[in-house]
Amino acid sequence: MSEAGYDFKSIEEKWQRYWREHRVFEAEADESKPKYYCLEMFPYPSGRIHMGHVRNYAIGDVIARLKRMRGFNVLHPMGWDALGLPAENAAIKNKTHPEKWTHENISHMRAQLQRIGFAYAWERELATCDPAYYRWNQHFFIRMFNRGLAYRKGAQVNWCPRCLTVLANEQVVAGGCWRCATAVEQRVMEQWFLKITDYAEQLLGDESLLKLWPEHVLTMQENWIGRSEGARVRFSVESIGDIEIFTTRVDTIYGATFLAVSPQHPIVAKLLDGSPHATECRAFIAECEAERAQRREVVEKRGVPTGRDAINPFTGRPVPIYLANYVLMEYGTGAIMAVPAHDERDHEFASRYGLPITEVIAPPDSSADTNGVYTGEGRLVSSGPFDGLPSQEARQKMAAHADDKGFGRASITYKLRDWGISRQRYWGTPIPMIYCDACGIVPERFENLPVKLPAGVEFTGSGSSPLGQVPEFLNTTCPTCGRAARRETDTMDTFFDSSWYFLRYVSPRLDSAPFDSREVNYWLPVDIYIGGIEHAILHLIYLRFFTKFLRDEGLVELSEPIPKLLTQGMVTLGGSAMSKSRGNVVDPDSITEKYGADALRLFILFAAPPDKGLEWSEHGIEGAARFLGRIHSFVASTTPLFACRRQGEWGPESRELLRKLHQTIKKVTRDIESRLHLNTAVASMMEFLNVLESAADRVRAEANGASALCECAEKLILLASPFTPHLAEEWWELTGHSRCVALSEWPAFDDELAKEDVVEVVVQVNGRVRGRVLCPHGSTETDTFSLSEADPKIAAALAGKTVVKRVYVPNKLLNIVVR
RNA sequence: GCGAAAGUGGCGGAACUGGCAGACGCGCUGGACUUAGGAUCCAGUGGGCAACCGUGGGGGUUCGAAUCCCCCCUUUCGCACCA
């Protein structure tokens, strides 16, 4: 026996074995039953399970277990996001192969998860590093290539000098690598990209199908996609050509007093050719490059004149062209029209260099203090034929005008860029492309997949792609012409792997296809997806994109795979995230060792609602263990009574207790199923136990009291079972049940039984509580008022006053307004 | 700077649609049992002697506000020259 008063260790082992041997949580498609697909984000096998995982998976486990007891055919799988950098870094450091390191971590972490008793369909476990899995990554990649969705281009990329690889824009956080925070450099490399931008509009539009996603996640995605409506307009430059700009405020174009071009803009070379300012410009470009390489934060706006002018097609007048460090090559067209009177950035630049500021928008409220810049809307002035138009109308007319005259058009621009997936690393999915001198870039044949990662690789960390150093891998023959050819040596971003794993779970061992469509049609969509908020943009945009691609390929019927999302909050200790560097990590194993898995699960669910942050507390878990000990004692004391059979009516004490029981069943059910407030579900079970304990002696003393106590014990065990499954099984068995509790039916609540016959109505006088009266349920306002007048305290508050008004909320409150 | 969310006892948090603020747990105080108690059980626990006062601060709407509206402060998280 332990401190807890029950031998959790052997109880946990016993039931974990039982569940495994009886395949209790394995899932089979069954058209005769409604399905429920409960999914949690699979972990990266870093080595150990941490508290964030425990919380994430405990939340999912309660939901999955409850749904099973509610009669659903539940799919609740688990797997491993098993490719990625840390394995390779460990390989360099420890001279172990990434595969070995990964598999050892998986074994350890699987055992940890099993010790916490999560109800997973383990037979469906998958790992993305398995060639049988990543084969389908390659398959999908080739289909994307064939569809024109995967393409190669030389691009300026984010390069992490520490991880020695390229990072997607999404993986650059505040100028640093998302994994190691090393300052990211810019390099130009040939890369594979996926045309996620083709789906920008759908990704936005289909947000309407995601009503059960947290609002802020959708907002983050919208901001990330960054749709802007505006216009593109071409300014001509004598003997050079056109410079196209993008603007959302074409209504201010008459106020454009200069053009600002990114130093990286391809036209710069032509602009400088023969320009007297070429030397200064080149120096400026070099400076900007140096600054960008260092990723210096918020630089002041600077620039140099190119000595050339461009013609504003609306006014026909020339404006000087500047190179400016605040114009991004990656967004829009890499060039802007600068309107200092109506844009703060342009204003700052113009003020610095003494450029003219021409006001063309009159604010609706002329008294508005604009500090020299008015960025709002208004009526156009000094804008030729467009004078007097309101901004919005002017934008339409001016875009149409540009279109008519052939120098521009209305246009939509997105912040979202194509997804760069090439990684110069070993431990990822090989990109299944072949370079043939005769045929060019050719995909591997489908029947030759998977292109497997070669075994004999040296992990030196020296920089270039490890796969390029393996001749047996690198050298191949062209699938088209049969001549000698070279393989692509880059591997895929691991977000590719996790973009479709939820589909693989439905048929994880299938060899002939990535997934069985019948199974997909049965199990999908995912009914609830639970994971960390940190994936709000990356993973959760990619998997939406991927699903739309698969739909367009005819492989799935869905547009959105996950209609309901729960983002759980972080687990903190001392107010900050647990991390090795801070030295504030609490290891789940040490907790299960000391208090048991059930206490750990219960506490982590009780301490805060799932979507909020959770502050870890060792004291808190003691409270959870105490609660379990009390149920254990109660169950033990009730066990001998289970032979009793009820005869006749419940006694008054029993009736009262059963009322509380049914109120509790109602609340627990609702809190889990509709509100996802698992913390209050636990609280109401605790509340019920408090009532149960204090009433037990009185109840037992009356007729049928023993039956009432048995009823309470039985239902309480069922309610607790999703939270503390091992003890619940043990109690269930102790009280004489043969079928395991995990497969038992969730208790139904009886509204009639739950209803109070007598309610306490709060009586206020002028909004202040002056007393409480006991009334029969459903009493009228008049009856309640009469009762109130009889109460001495209330009567005192009413004495000498005139009742002006009464507000009555049946069964709850009576407010008497007096003067 | 922009955007979003949140501020409730000593602490984590409850209060679902505007209707008893502080459920439940931790901690604390006192007591019981005990060789012992960091076990268990019982009682108490927002502040104030009271009337009363209390949900970050100030206004407002309402019979009634933690909840709705306006202004301010603080914290957290996103985005951060996106034209």
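In what follows, chains carry the letters A, B, and so on, assigned in the order in which the sequence lines appear, proteins first and then strands, with residues in each chain numbered from 1.
Straight-line distance between the C1' atoms of rC81(B) and rC68(B): roughly 38 Å, to the nearest whole Å. Using C1' as the reference atom, rG18(B) and rA66(B) are 11 Å apart when rounded to the nearest Å.
Note that OG1 of Thr784(A) is 6.5 Å distant from CG of Leu787(A), once rounded to the nearest 0.5 Å.
Checking rA43(B) for Watson-Crick or G-U wobble geometry (two distances, each under 3.5 Å) identifies rU29(B) as its partner. Under the Watson-Crick and G-U wobble criteria, each requiring two contacts below 3.5 Å, nucleotide rC2(B) is paired to rG78(B). Across all strands shown, nothing is found opposite rU34(B) as a Watson-Crick or G-U wobble partner with both distances under 3.5 Å. Base pairing of rU62(B): no nucleotide in any strand meets the Watson-Crick or G-U wobble criterion (both distances under 3.5 Å). Remark: rG7(B) base-pairs with rC73(B). Criterion, Watson-Crick or G-U wobble with two distances under 3.5 Å.
The Thr680(A) side chain lies nearest to rA14(B) when the options are rA14(B), rC53(B), rU40(B). Comparing rA83(B), rC63(B), rG13(B) against the side chain of Lys805(A) picks out rC63(B) as the nearest. Listed candidates were rG13(B), rG19(B), rA4(B). Nearest to the side chain of His216(A) is rA4(B). Here the side chain of Phe606(A) is nearest to one of rC53(B), rC24(B), rA83(B), namely rC24(B).
Between the CZ atom of Arg806(A) and the C1' atom of rU62(B) there is a distance of 20 Å, rounded to whole Å. Asn223(A) has its CG atom 14 Å from the P atom of rC81(B), to the nearest Å. Taking atom CG of Asp611(A) as the reference point, atom P of rA6(B) lies 10 Å away to the nearest angstrom. In this structure, His619(A) places its NE2 atom 7 Å from P of rC28(B), rounding to the nearest Å. Glu222(A) has its CD atom 18 Å from the P atom of rG78(B), to the nearest Å.
With 3.5 Å as the limit, one finds a donor-acceptor pair spanning the side chains of Arg232(A) and Thr413(A).
At the phosphate of rA83(B), neither OP1 nor OP2 sits under 4.0 Å from any side-chain N or O atom of Thr413(A). Checking the phosphate oxygens (OP1, OP2) of rA51(B), no side-chain nitrogen or oxygen of Arg768(A) falls inside 4.0 Å.
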(message) Run Glu615(A) and Thr572(A) through side chain to side chain donor-acceptor pair (under 3.5 Å) and show every step you take.
(response) CA-CA 5 Å; Glu615(A) 175 68 12; Thr572(A) 57; 2.7 Å; yes
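Put simply, the side chain of Lys812(A) and the base of rC20(B) share no donor and acceptor less than 3.5 Å apart.
By the rule that a glycosidic angle within 90° of 0 means syn, rG38(B) does not qualify and counts as anti.
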